[in-house]
Amino acid sequence: MQDMEQIYQEYAQTVYKYLFSKTHDPDLAEELTQETFYQALKGIDRFDESCKVSTWLCAIAKNQLLAYRRKHPKQENIEDTDIATDSVEQDVLSGLARVELMKQLHSCPEPFREVMYLRIFGNLSFKEIGEIMGKTENWVRVTFYRGKEMLKKGLVEYE
């Protein structure tokens with residue numbers, strides 16, 4: 001097993017991107033990233049290497065986020081959500097209005113929604129998303145493509 005400093009150097013950005021894709025708040029994502037590594041340090045003796053380190057860390061991050069949300073009811077304002085415009089995916093989806101896009105993404109069925117959030121807002125690579133979700137990179141690419149097609153064709157309905 002690598003030492004914790006080396007693990008932090010290697011995986012902090014992945015954990016941060018994952019959390020940012022879920023929270024859309026850079027300060028909260030940073031805070032939860034730090035808490036994730038603190039919890040990982042406390043539980044390093046329980047890591048049995050049956051999965052990748054990144055998967056283990058993202059599972060801890062997910063638990064930290066869930067704990068945070070239990071303590072702090074959701075107060076996210078959609079107008080405060082920044083959407084990056086430098087990705088190919090954003091260029092394709094740029095025809096949709098911001099609020100409409102968020103409504104459609106929110107109404108997407110799983111696993112399309114999670115893949116779309118991680119790719120668009122987390123700017124994660126298909127490989128990173130696959131590691132987080134325990135799927136292959138190809139599965140992530142196909143799922144993202146199908147989700148994108150649903151959005152483009154207006155197949156996602158929302159109230």
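Computed from heavy atoms alone, side chains included, the values below leave out hydrogens, waters and symmetry copies.
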Evaluation steps, side-chain contact (heavy atoms from CB on, under 4.5 Å), between Ile7 and Leu57: CA-CA 10 Å; Ile7 291 172; Leu57 289 170; 3.9 Å; yes
Partner residues of Tyr145 under the ring pair (Phe, Tyr, Trp, His ring centres under 6.0 Å) criterion, sequence neighbours left out: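 Applying ring pair (Phe, Tyr, Trp, His ring centres under 6.0 Å) to Tyr145 gives none.
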Heavy atoms only: give me the nearest [X]-[Y] pair and the separation to one decimal.
| X | Y | answer |
| --- | --- | --- |
| Met133 | Pro111 | CE-CB, 4.2 Å |
| Ala12 | Thr33 | O-CG2, 4.0 Å |
| Phe112 | Gly147 | CD2-N, 3.7 Å |
| Ile132 | Cys58 | CG1-SG, 3.5 Å |
| Ala61 | Leu19 | O-CD2, 3.7 Å |

Sequence-distant partners of [X], side chain to side chain contact (heavy atoms under 4.5 Å, CB included), two or more places apart:
| X | result |
| --- | --- |
| Arg46 | none |
| Glu128 | Thr14, Lys17, Leu124, Ser125 |
| Glu5 | Asp3 |
| Asp27 | Asp25 |

Any Ile44 side-chain heavy atom under 4.5 Å of Trp56 side chain: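 A side-chain contact exists here, since the closest heavy-atom pair is under 4.5 Å.
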side-chain contact (heavy atoms from CB on, under 4.5 Å) evaluation trace for Phe47 with Val53: CA-CA 9 Å; Phe47 179 62; Val53 174; 4.0 Å; yes
Identify all side-chain donor-acceptor contacts of residues 36-43 below 3.5 Å with residues at least two apart in sequence or on another chain.
from	atom 1	to	atom 2	distance (Å)
Thr36	OG1	Leu32	O	2.7
Gln39	NE2	Glu35	OE2	2.8

side-chain hydrogen bond (donor to acceptor under 3.5 Å, both in side chains) partners for Tyr117, two or more places apart: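 Residues passing side-chain hydrogen bond (donor to acceptor under 3.5 Å, both in side chains) with Tyr117: none at all.
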side-chain hydrogen bond (donor to acceptor under 3.5 Å, both in side chains) partners for Gln34, two or more places apart: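 Here the qualifying residues are Tyr8, Glu30.
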Results of salt bridge (charged side-chain N to carboxylate O under 4.0 Å, His left out) for Glu137 - residues two or more places apart only: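 Partners of Glu137 under the salt bridge (charged side-chain N to carboxylate O under 4.0 Å, His left out) test: Arg141.
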Counterpart residues, salt bridge (charged side-chain N to carboxylate O under 4.0 Å, His left out), relative to Arg146 (two or more places apart):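 Result, salt bridge (charged side-chain N to carboxylate O under 4.0 Å, His left out) vs Arg146: none returned.
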Thr55 side chain to Glu131 backbone, donor-acceptor under 3.5 Å: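 Yes: the side chain of Thr55 pairs with the backbone of Glu131.
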OG on Ser54 to NZ on Lys127, rounded to 0.5 Å: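 Atom-to-atom, Lys127:NZ and Ser54:OG are 9.0 Å apart.
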Euclidean distance, Arg70 CZ relative to Leu65 CG, rounded to 0.5 Å: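 So the gap between those two atoms works out to 10.0 Å.
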NZ/NE/NH1/NH2 to OD/OE distance under 4.0 Å, Glu114 and Arg119: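 Looking at Arg119 together with Glu114, the answer is no, because their closest N to O distance does not fall below 4.0 Å.
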Parallel, tilted or perpendicular: ring planes of Phe20 versus His24, cut at 30 and 60 degrees: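 Rings of Phe20 and His24: perpendicular, over 60°.
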